[in-house]
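Can you read through this structure? Questions will come right after.
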Amino acid sequence: MNFESLNLFQLASRRLQWLSDKQRAVSENIANADVAGYRLREVQSFDSYLDAAGFSPISPEAEVSQVEAGWGSTISGNTVVMEEQVLEATNTQSQYRLASNLYRKAHEMVLSVAGNR
C-alpha cells in the first residue's frame, strides 16, 4: 500500500474502523465461547485491510474469517479460548485509545495552526 496517498486523518480513520471491526469479532468470540462447534473468528491484518480499502473515501468493514485456534479446541468442538480473547480485547482497546488520541491531537494541531484555537 502506498501510504503517501493517504493523509494522517484518512489513515487514522481507517485504523479506528479496523480496530472497531476487530473488537466486534473478539466480542462475538467471547459471546459464543460456550456454543458447541463455534469456530474462532479473526479480522484480516491491518496491512491487508489497507490494501483492500484502496483509495475509497469510505472505510470499508474488515474481512472476518474463521481460523484454527492456537490453543486447541474443547470436546464440543469450540475453538474459542477465553483467556486469549480477553487479552485480545484488552490489547485492541489500548490500540483504539491510542489511535483516537492521536487523531484528536492532530485535529487540535490543525485548528491551532489555522488560528481557530
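The figures here come from the full heavy-atom set of this structure, side chains too, leaving out hydrogens, waters and symmetry mates.
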- Message: My understanding is that only residues two or more places apart in sequence, or in another chain, count here; which of them pass side chain to side chain contact (heavy atoms under 4.5 Å, CB included) with Tyr103?
- Response: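 Counting only residues at least two positions away or on another chain, Tyr103 forms a side chain to side chain contact (heavy atoms under 4.5 Å, CB included) with Phe9, Ala12.
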- Query: What heavy-atom pair brings Gln85 and Val26 nearest, and what distance separates the two atoms?
  - Reply: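 Nearest pair, atom of Gln85 first, then Val26: O-CG1, 3.4 Å.
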- Message: List the residues meeting side chain to side chain donor-acceptor pair (under 3.5 Å) with Tyr96, not counting sequence neighbours, and say none if there are none.
- Response: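 Testing Tyr96 for side chain to side chain donor-acceptor pair (under 3.5 Å), a comparison that skips the adjacent residues, returns none.
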- Message: Could you work out, with side chain to side chain contact (heavy atoms under 4.5 Å, CB included) as the rule, every residue matching Ala99, not counting sequence neighbours?
- Response: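 Partners of Ala99 by the side chain to side chain contact (heavy atoms under 4.5 Å, CB included) criterion, ordered by chain and then number, come out as Arg15, Leu16, Leu19.
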- Message: Quick one, Glu88 and Lys22 - any side-chain contact, counting heavy atoms below 4.5 Å?
- Response: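 Result yes, sub-4.5 Å side-chain heavy-atom pair found.
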- Item | side chain to side chain contact (heavy atoms under 4.5 Å, CB included) partners for Ala31, two or more places apart |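 Partners of Ala31 by the side chain to side chain contact (heavy atoms under 4.5 Å, CB included) criterion come out as none, since no residue qualifies.
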- Query: Who else is in the cluster with Leu102 when I, L, V, M, F, W and Y are joined by side-chain contacts under 4.5 Å?
  - Reply: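 Grouped by the 4.5 Å side-chain rule, Leu98 form the rest of the cluster around Leu102.
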- State whether a side-chain donor-acceptor pair under 3.5 Å links Gln17 with Asp21.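 A donor-acceptor contact under 3.5 Å links the two side chains.
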- Query: Taking only residues two or more places apart in sequence, or in another chain, which ones meet Ser45 in a side chain to side chain contact (heavy atoms under 4.5 Å, CB included)?
  - Reply: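 Applying side chain to side chain contact (heavy atoms under 4.5 Å, CB included) to Ser45 gives Asp47, Ser48.
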- Message: Can you tell whether the side chains of Glu108 and Arg104 come within less than 4.0 Å, N to carboxylate O?
- Response: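 Result for this pair is yes, salt bridge flagged.
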- Query: Once you round to the nearest 0.5 Å, how far does CE of Met109 lie from NZ of Lys105?
  - Reply: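 It comes to 11.0 Å.
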- Message: Can you list everything that forms a side chain to side chain donor-acceptor pair (under 3.5 Å) with Thr90? Sequence neighbours excluded, please.
- Response: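 By the side chain to side chain donor-acceptor pair (under 3.5 Å) rule, Thr90 matches no residue at all.
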- Message: With a 4.5 Å cut-off on side-chain heavy atoms, are Leu40 and Asn78 touching?
- Response: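 Sidechains of Leu40 and Asn78: no contact.
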- side chain to side chain donor-acceptor pair (under 3.5 Å) partners for Asn91, two or more places apart: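 Residues passing side chain to side chain donor-acceptor pair (under 3.5 Å) with Asn91: Gln95.
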- Among all residues two or more places apart in sequence or in another chain, which pass the side chain to side chain donor-acceptor pair (under 3.5 Å) test with Arg97?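 In terms of side chain to side chain donor-acceptor pair (under 3.5 Å), with neighbours along the sequence ignored, Arg97 is linked to no residue.
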- Under a 4.5 Å cut-off applied to non-hydrogen side-chain atoms, are Tyr49 and Val43 in contact?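 Contact flag for Tyr49/Val43 side chains = no.
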- Before giving the answer on side chain to side chain contact (heavy atoms under 4.5 Å, CB included), spell out for Leu11 and Leu50 the whole-Å C-alpha distance, their side-chain angles and the decisive distance to 0.1 Å. CA-CA 9 Å; Leu11 187 60; Leu50 284 178; 3.9 Å; yes
- Any donor and acceptor pair, going by atom type alone, linking the side chain of Asn29 with main-chain N or O of Arg41 inside 3.5 Å?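 It does hold such a pair.
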- From Thr79 OG1 over to Arg39 CZ, what is the distance, rounded to the nearest 0.5 angstrom?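 Answer for the OG1-CZ pair, Thr79 versus Arg39, is 4.5 Å.
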- Item | Test item: Trp18 side-chain N/O and Gln44 main-chain N/O as donor-acceptor pair under 3.5 Å |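 Flag set: sc Trp18 to bb Gln44 pair under 3.5 Å.
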